[in-house]
Amino acid sequence: MAKRDEKAITPQSEDYSQWYQDIVLRAELADYSPVKGCMVIRPNGYALWENLQKALDGMFKATGHVNAYFPLFIPMSFLSKEAEHVEGFAKECAVVTHHRLGASPDGGVCPDPDSELEEPLIVRPTSETIIYAMYSKWIKSYRDLPVLLNQWANVVRWEMRTRLFLRTTEFLWQEGHTAHATHEESWAEVLRMLDVYARFAEEWMAVPVLKGVKSESEKFAGALKTTCIEAMMQDGKALQAGTSHDLGQNFAKAFDVKFQDEKGEWQYCWQTSWGVSTRLIGALVMAHSDDQGLVVPPKMAATHAVIVPIYKDEAGRARVMEAAAALKARLSAAGLGVVLDDRDTVSPGFKYNEWEMKGVPVRLEIGPRDVEQGACVAVPRVATRALREGERRQKESLPLEGAPEALKALLDDLQSALFRRALAFREDHSYRIDDYEAFQRDIEKGGFFWAHWCGSSACEDRVKEETKATIRCIPFDGEKEPGKCLACGGESDRRVVWARAY
RNA sequence: CGGGGCGUGGCGCAGCCUGGUAGCGCACCUGCUUUGGGAGCAGGGAGUCGGAGGUUCAAAUCCUCUCGCCCCGACCA
């Protein structure tokens, strides 16, 4: 028995943030890079991103969107065309001022002073400005509308403090940008895409989310309204998992995005933008994983099952390996991602731990006893049912014949079990609260607090200052209910969700 | 930018207080025995101690400066 402390990750209960870091590093999702604040997304992490892209991109296409690509660099002056927007992003923009290196006096290289750009370029923190500059060129008539574009890209925001996946200086994301003839239509688009995000989060990532509107102080710089989906992590903190903005005509006016309507009159377009980022990978990790390591919902997993062969001697090994290879072939042919761990250098127990660390949804054990019975043992990463008397882990016997169907059924069970578990966790950590003192005390434990709010930023600011909690959203499906503002006692007609957030 | 911590074989650390020329665990390589929950034994390879300067006969260790990274906080997806 090896020393556990060295191999085990930091328990969640001991240090949540260290636990998260351990998972990301040990499951090889990402690693720190030589560039401060920038991470390397390793193959295991990138595979999650690819699956996310595949699923979301399909949903975008199904709602009529098409992909395009706009430049990484944006003329500095573009950013200042929309007053709120520049204020929101100015502090975190990387600026390109030169286009050439030259020899530096100390023997290294430095920007060649003769190569200074006439107008500095910024590295996009988001692409509203450059995309809408193009829209003003492309859109002339109501017949050109709606424009429904999306781009998959990297963006840079020079944040002071970074955290793997959750906040890095450079990150990958998707940004949708649409233009419409009427506000009614653009608002419908905002809600439609928020719905796409919510569906993706819940059905693919198995992460339940609240849909709602951001308060004034939390909304996107330059938007009329920001809607969002909010998820709860296992430490009770909220994480914004996606946003969809109603930009109104703010950018259309700044970038002259106009069209002639049926009557020949010039109108400004109504625009939306919406995005999700690699941050969702962080959400995935924090929503499902445990002290054994990463937990990946089957629909997000590139590898659905790992086969671990077990044998005692050479003869047994040959028999088992033959059956294992046949099993792998059968599962692969059915479209499942399968790895056969045929390493002879580590023990089965070691493999169990290693694959659990990496979050593979199901382990298939196959040994001499199983081969004899024409079966294998399936162990889901997280139990899909209550454990029986004396059962330490859920183990199901799967027939080798018909293994694909049986495995798919188990994967479906696991997918819904993960969602149910996450939803139950959120419900267990959601509270209706009316007393500010109780709130100040209870917020320390984390969770979502449904409380009344009068609607003033002053109250929001005060609560934030005193408790570090913010309004995560004003939920769409919150019922009307008269009450008193948590902070000032003023009139309120519905509850909003307060929480500490990432 | 404030507070804290850390830089020593690939990884995690000890050694530093009280200077004497580098050690442990994991990983790696070889061999034998093992294999249904992180295997055992034996042997082996691998480090100009983040960098610069200083003190000293002698610096991982003491002094000064510097660079980098991580964590916590303010800002944010």
Side-chain angles (χ1 to χ4, degrees), chain A residues 1-10 15-18 20-22 25-26 31-39 87-93 125-126 155-175 197 214 217-221 226 228-231 238-245 273-283 292-293 308-314 316-317 320 341-357 363-371 376-377 379 392-393 395 464-465 468 470 500-502:
Chain A
M1 189 65 75
K3 290 155 195 90
R4 277 212 100 71
D5 353 291
E6 288 206 14
K7 304 199 170 184
I9 59 178
T10 307
D15 183 343
Y16 191 83
S17 148
Q18 187 61 47
Y20 173 75
Q21 263 197 86
D22 284 359
L25 296 173
R26 297 281 299 281
D31 202 354
Y32 295 104
S33 77
V35 186
K36 185 190 177 106
C38 293
M39 67 174 180
E87 201 177 317
F89 286 104
K91 297 172 305 236
E92 50 196 43
C93 284
T126 178
V155 287
V156 167
R157 295 183 190 173
W158 217 269
E159 302 289 352
M160 297 180 205
R161 196 181 144 218
T162 57
R163 259 148 122 17
L164 293 169
F165 286 112
L166 300 176
R167 178 169 302 108
T168 47
T169 300
E170 179 190 8
F171 58 94
L172 303 183
W173 80 344
Q174 144 289 303
E175 48 181 324
Y197 288 155
K214 284 292 188 192
S217 59
E218 295 277 328
K219 75 171 191 193
F220 175 72
T226 289
C228 62
I229 51 173
E230 293 284 329
L239 186 133
Q240 178 175 307
T243 51
S244 180
H245 313 290
S273 68
W274 26 275
V276 299
S277 71
T278 32
R279 173 176 241 213
L280 281 179
I281 307 297
Q292 291 303 308
V308 177
I310 294 152
Y311 42 80
K312 291 229 191 297
D313 49 37
E314 266 311 308
R317 177 182 151 85
V320 165
D341 190 346
D342 58 1
R343 287 176 296 176
D344 198 24
T345 50
V346 294
S347 68
F350 181 91
K351 294 177 183 177
Y352 297 170
N353 283 287
E354 187 174 85
W355 291 105
E356 278 169 11
M357 173 74 71
R363 172 176 79 240
L364 299 173
E365 302 171 14
I366 181 161
R369 295 203 295 266
D370 305 300
V371 175
C376 63
V377 174
V379 183
R392 298 181 73 186
R393 271 195 179 71
K395 298 195 172 186
K464 182 176 181 182
E465 189 148 324
K468 292 179 197 152
T470 51
R500 287 189 180 156
Y502 278 98

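Not measured: the values here are computed from a predicted model. Throughout, a chain's letter reflects where its sequence line sits, starting with A, and its residues are numbered from 1. Basis for what follows: all heavy atoms, side chains included, without hydrogens, waters or symmetry-related copies.
Rounded to whole Å, the separation between the P atoms of B/C26 and B/A22 comes to 23 Å. When the C1' atom is used for both B/G47 and B/A27, the distance is 15 Å, rounded to whole Å. Nucleotides B/C70 and B/U61, compared at atom P, are 25 Å apart to the nearest Å. B/A58 and B/G53 have their P atoms separated by 15 Å, given to the nearest Å. B/G51 sits 48 Å from B/U34 when the C1' atoms are compared, rounded to a whole Å.
With hydrogens and angles ignored, no donor-acceptor pair under 3.5 angstrom links the side chain of A/Arg392 to the base of B/G37. Contact of A/Glu356 with B/G37 (side chain to base): a donor-acceptor pair of N or O atoms is detected under 3.5 Å.
From A/Glu159, atom CD reaches atom CG of A/Leu166 across 12.0 Å, with rounding to the nearest 0.5 Å.
A/Glu159 places its CD atom 15 Å from the C1' atom of B/C1, with the value rounded to the nearest Å. Atom-to-atom, CG of A/Leu166 to C1' of B/C75 comes out at 16 Å; the value is rounded to the nearest Å. What separates CD of A/Gln292 from C1' of B/G37 is a distance of 10 Å, to the nearest Å. One can place CG of A/Asn353 at 10 Å from P of B/G37, the figure rounded to the nearest angstrom. Rounded to whole angstrom, the span from the OH atom of A/Tyr502 across to the C1' atom of B/G73 amounts to 15 Å. Taking atom CD1 of A/Ile9 as the reference point, atom C1' of B/C26 lies 17 Å away to the nearest angstrom. Between A/Glu92 atom CD and B/C1 atom C1' there is a gap of 16 Å when expressed in whole angstrom units. Atom CD1 of A/Ile229 is separated from atom C1' of B/A77 by 12 Å (rounded to the nearest Å).
Residues passing the ring pair (Phe, Tyr, Trp, His ring centres under 6.0 Å) test with A/Phe220 are A/His85, A/Phe89, A/His245, sequence neighbours excluded. Applying the ring pair (Phe, Tyr, Trp, His ring centres under 6.0 Å) rule to A/Trp355 yields no partners; only residues at least two apart in sequence or on another chain are considered. A search for salt bridge (charged side-chain N to carboxylate O under 4.0 Å, His left out) contacts involving A/Asp22 returns nothing, not counting sequence neighbours. For the salt bridge (charged side-chain N to carboxylate O under 4.0 Å, His left out) test, residues two or more places apart in sequence or in another chain that qualify with A/Lys214 are A/Glu230. Every residue two or more places apart in sequence or in another chain that forms a ring pair (Phe, Tyr, Trp, His ring centres under 6.0 Å) with A/Tyr16 is listed here: A/Trp19. Remark: A/Gln21 pairs with A/Tyr32 by the side-chain hydrogen bond (donor to acceptor under 3.5 Å, both in side chains) rule, at least two apart or across chains. A/Asp344 meets the side-chain hydrogen bond (donor to acceptor under 3.5 Å, both in side chains) test with A/Tyr311; sequence neighbours excluded. For A/Tyr20, the side-chain hydrogen bond (donor to acceptor under 3.5 Å, both in side chains) criterion is met by no residue, not counting sequence neighbours. In this structure, the salt bridge (charged side-chain N to carboxylate O under 4.0 Å, His left out) partners of A/Arg393, at least two apart in sequence or on a different chain, are A/Glu356.
Here B/A74 is the nucleotide among B/G38, B/A74, B/A77 with the atom lying nearest to any side-chain atom of A/Lys468. Closest approach to the A/Arg363 side chain among B/G37, B/C75, B/A77 is made by B/G37 (side chain taken as heavy atoms from C-beta onward).
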Contact state string [nucleotides 29-36 of chain B, B base, S sugar-phosphate only, - no protein heavy atom under 4.0 Å]:
------BB

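For A/Arg157 (side chain) and A/Glu92 (main-chain N/O), no donor-acceptor pair under 3.5 Å exists by modelled atom type. With hydrogens and angles ignored, the 3.5 Å screen pairs a side-chain donor or acceptor of A/Lys351 with a backbone N or O of A/Arg343.
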With 3.5 Å as the limit, what N/O pairs link the protein to nucleotides 67-71 of chain B?
{"residue": "B/C69", "atom": "OP1", "partner": "A/Lys36", "partner atom": "N", "Å": "3.4"}
{"residue": "B/C69", "atom": "OP2", "partner": "A/Lys36", "partner atom": "NZ", "Å": "3.4"}

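Residue-level contact check: A/Thr470 touches neither bases nor backbone, having no heavy atom under 4.0 Å from any strand. Counting non-hydrogen atoms under 4.0 angstrom, A/Arg343 reaches nothing in the nucleic acid.
Remark: A/Arg363 qualifies as a cation-pi partner of A/Tyr352 under the 6.0 Å distance and 45° angle criteria applied to the six-membered ring.
With the 3.5 Å cutoff on both pairing distances, Watson-Crick and G-U pairs in RNA chain B assemble into runs of at least 3 at B:1-7 with B:67-73, B:10-13 with B:23-26, B:28-33 with B:39-44, B:50-54 with B:62-66.
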